[in-house]
Amino acid sequence: NIMERKQESRNPFYRVVELTDSIEDAELWGKNFPMQYDDYKRTVDQVRTRFGGSEAVPRTPTQADPRSIIAQSRLEEDPRLKIIWAGYAFARDFREDRGHAYMLEDQTYTERQIAVKQPGTCLHCHASIYVPYMRAGDGDLIKGFETMNQLPFFEARKLVTHPIACIDCHDPKTMQLRITRPAFIEGMRSLKASQGLHNYDVNSMATRQEMRVYVCGQCHVEYYFKGPEKRLTYPWHKGLVVDSILSYYDEQQFKDWIHAETGAEVLKVQHPEFELWNQGIHARSGVACADCHMPYKREGALKISDHHVQSPLLNINRACQTCHKWSEGELKARVETIQGRTFRLRNLAMDALIDLIHDLKRARETGASDNMLTKAKQYQRNAQFYLDFVEAENSTGFHAPEEAARILGESINFVRLGQVALRNDLNAAR
Amino acid sequence: NIMERKQESRNPFYRVVELTDSIEDAELWGKNFPMQYDDYKRTVDQVRTRFGGSEAVPRTPTQADPRSIIAQSRLEEDPRLKIIWAGYAFARDFREDRGHAYMLEDQTYTERQIAVKQPGTCLHCHASIYVPYMRAGDGDLIKGFETMNQLPFFEARKLVTHPIACIDCHDPKTMQLRITRPAFIEGMRSLKASQGLHNYDVNSMATRQEMRVYVCGQCHVEYYFKGPEKRLTYPWHKGLVVDSILSYYDEQQFKDWIHAETGAEVLKVQHPEFELWNQGIHARSGVACADCHMPYKREGALKISDHHVQSPLLNINRACQTCHKWSEGELKARVETIQGRTFRLRNLAMDALIDLIHDLKRARETGASDNMLTKAKQYQRNAQFYLDFVEAENSTGFHAPEEAARILGESINFVRLGQVALRNDLNAAR
Amino acid sequence: MWSYRMLVIVLNVLTGVGIGVGSYTFIYAKGGSYLTNDPAACANCHIMNEHYTAWIKSSHRSVAVCNDCHTPDGFLGKYMTKASNGFWHSFAFTTGRFHEPLQIKEHNREIAEQACRKCHQDIVIAIEGPHREIGELSCLPCHQSVGHF
Ligand SMILES: [Ca+2]
Ligand SMILES: [Ca+2]
């Protein structure tokens, strides 16, 4: 009713609760901001799009894993993944990602936890962890981070309670966006340093539009655990493009695991949304994650940001149509054309990689020495990294269509070079 | 000055000359439309962009070739091209394309004319040929086309005088755009038939915006000479994407030549601008060739189409800024980012193809039978076709960035499969 | 600073110091139409025609005229902007020295941005409110076509 709306618009915030820097529970914040809170809670929804969203798959809860609904298994959808990740925890359990509401339980109960003993570091991106870090560090965020990284996962797990909550993105006093994740603060510092800008401090130096990206870039990025301290590190020291990242890992002589069938020292890429988005035309045009994944919506007399973070394809009119005057059907078709091309090339690249793995495996079985395989294994590492960069990225190429296709083309070329090197090295040894 | 401008806007056309359907000479049309004519004459300009435009290279005229300025040689810029086209006329002379003013002389004097005896068909796209066709066909365009196709090139050459002129794109009475090229009329008919629309007649059925593409699509397309009648044919019977076109050629068992070093039956793609544009986001958004290559410009109070057809990068403000609010520098950078990625992948694909050619060559030299090479040669054909589709297209990927990258990725994969097939077939024979 | 420069220009025009091509055009091409609120008057310059027709097609044709978006609030600001734009545009028009397509200049863009808030302050208070310190939200990237479709 009109009276109510006029009220709302004059005073959009009900100061019901005094928010402080130690209130984790979103429900309390929701007293002041009920509209944002209502949408935030809707991240439990599960709806599939052609390549995204997620499907609610029922399961029988067990003691070890009490979840009664999970997302579909990507390994079952495409068993080739088990071959390219052979010997790594991902070959055991890997599912489609779903809404933010599930992040803490999905991490806690994934079978990857059974396959490998994980460190507390994991929680950086799966829990409301700002307050626990501050607590563990006696008010020093970085210290808390360092402390919790080194705990075993299930120790650290006891220190957190919620999935991502308001406090992880907002300053409780001003409601401004802020960065709460140490690995992102440090990652941006090393990235900017590589561009000649030293001592970059993201919280004081980023623009508002940048913050609408960075709050997501805290987690939707490629990462690794550095050294025995298991410090969460974003590999951006030489830049954000795939080539720079691999070159950084090569310099660090880092590997995620040794491939079970070939012995190659390989890497697994995880969700490089921020990195790939950066190479795309939307980034170049200043369009932020929040513009598409948290578009404005009208509630009564107000416009607010939709805190139901989800696939924009489930919300095309708000997510795309203010900027693009095409019909919903047409916009969906445009996205799916892009995704279809990416998916096709991704499949070619995956078949290619599996060919190389088989070749290496056969060579080993027929007695080739490790020496003869060195080059080919190096190419397997590269091909896997490039393929995974697109495969693990969750927009199926949409965030940067040409770049995604370029990366897959390079991946196929690495396989080719690997197969040739293997043939030559085997022949030379004959 | 304003008085003059107010005048102009009232009376755009001076009817000085009565134009008829048999006036070839643009100079006469220019009496009625001096502004368009002035711009049309400027297609003699030669300016380089990073990947396009053209460079004016001086040469000493000879009796056989009186040109004193030509465009730079693409073969000298990249000698790998000679290897992939070994045995074909293109390996002898292939240059950067330049303005429309040169089309007739560049075709007449290219050394490709020395390498191979060409038919009259060639002139379809290099001369003002509407009037000569009508004349040769006694008022029947198609008959004239059929007659001239079958003449030897230098016979037919005598029947034409000008490069493309006004009459090739315009109806002299109404100045409306019209299609004058039989191969395009027939090509579109077979394309539309493949989509279920029979008896398509482009001149009566195309919209105005389509005509702003089709007038260019008359020539900027992939083609071949069909059968002993050397009928100019556009291979669109199954669609416009690269995959459909190759599949059509395979069905026709068509080859352009036999590769000199490998014996493979290969194809050369030429300037598929229309086909690639079709896969891009601009086509999808209804942006026509003329929008970018002949953008509107203001002459006093009038808006006219810029008949100085050229690289849009030499005219960014008119060509792009009507739709895109970015600065000229930014727009240029966007194009070059796209082109840079395409160029990188094109280079990888070319190295790959040359690898395969070398492998095949070595296998032949060391006595492999034709049988053992069959599969690998087939892959060479495919890889070459896909690579050439992007290499021969003149926008360096801009007309459809993701599709161009996809095509190059597939090309690399064909090489890979070829190298594997060769290894396996040689091993099997051992 | 800005308004001082504008004031000088206005004075120039009014006192005849600026007589010459600029003023000639200003009068001949009904540059004075800058001083009215009638959008059709802007289209006196054929160069404004496109923007006029684009405005006719836009969602705002029945709720906002050119001056609602292209002049700031308040009497002085409004007429300063009009006089300044009127003078410079007349000058540019006559000499033909302007970038085509027309590009709104930073200062005029800022006026348009603020104009949105004149009418929509209430509805956007929530998304704007808490963030002033780290920079204002820009409406135009998302609502480019409200004034001109
Ligand atoms: Ca998902
Ligand atoms: Ca050129």
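- Of all the listed residues (A:Gly397, A:Pro401, A:Ala404), the one sharing the greatest number of non-hydrogen pairs under 4.5 Å with chain B is A:Pro401.
- Evaluated for a side chain to side chain contact (heavy atoms under 4.5 Å, CB included) with A:Arg423, the options B:Asp359, B:Leu422, B:Asn427, B:Leu426 yield exactly one hit, B:Asp359.
- For B:Arg346, the salt bridge (Lys or Arg N to Asp or Glu O under 4.0 Å) test picks out B:Asp78, B:Glu391, with sequence neighbours left out.
- Annotation: the span from A:Leu348 atom CG to B:Ile412 atom CD1 amounts to 11.0 Å, rounded to 0.5 Å.
- Counting heavy atoms from C-beta on, the side chains of A:Arg344 and B:Arg406 come closer than 4.5 Å.
- Using a 4.5 Å heavy-atom cutoff, the side chains of B:Val420 and A:Arg416 are not in contact.
- For a residue to count as touching a neighbouring chain, one of its non-hydrogen atoms must lie under 4.5 Å from one of that chain's; by this rule B:Ala349 does not touch chain A.
- Applying the 6.0 Å contact sphere to NZ of A:Lys375 captures no more than 12 heavy atoms from other residues, nucleotides or ligands.
- When each of A:Glu403, A:Glu402, A:Arg284 is tested with B:Thr337 by the rule side chain to side chain contact (heavy atoms under 4.5 Å, CB included), just one qualifies, namely A:Arg284.
- Just one of B:Lys325, B:Arg334, B:Glu330 meets the side chain to side chain contact (heavy atoms under 4.5 Å, CB included) condition when paired with A:Ser285; it is B:Arg334.
- Neither the backbone nor the side chain of A:Leu408 has a heavy atom closer than 4.5 Å to any heavy atom of chain B.
- Within a 6.0 Å sphere centred on NZ of B:Lys332, other residues, nucleotides and ligands contribute 12 heavy atoms or fewer.
- Comparing A:Ile281, A:Asp351, A:Ile338, A:Leu417 by how many heavy-atom pairs each has under 4.5 Å with chain B, the most go to A:Ile338.
- Minimum interatomic distance between B:Asn413 and A:Ala352 (heavy atoms only, all atoms of both residues): OD1-CB, 4.3 Å.
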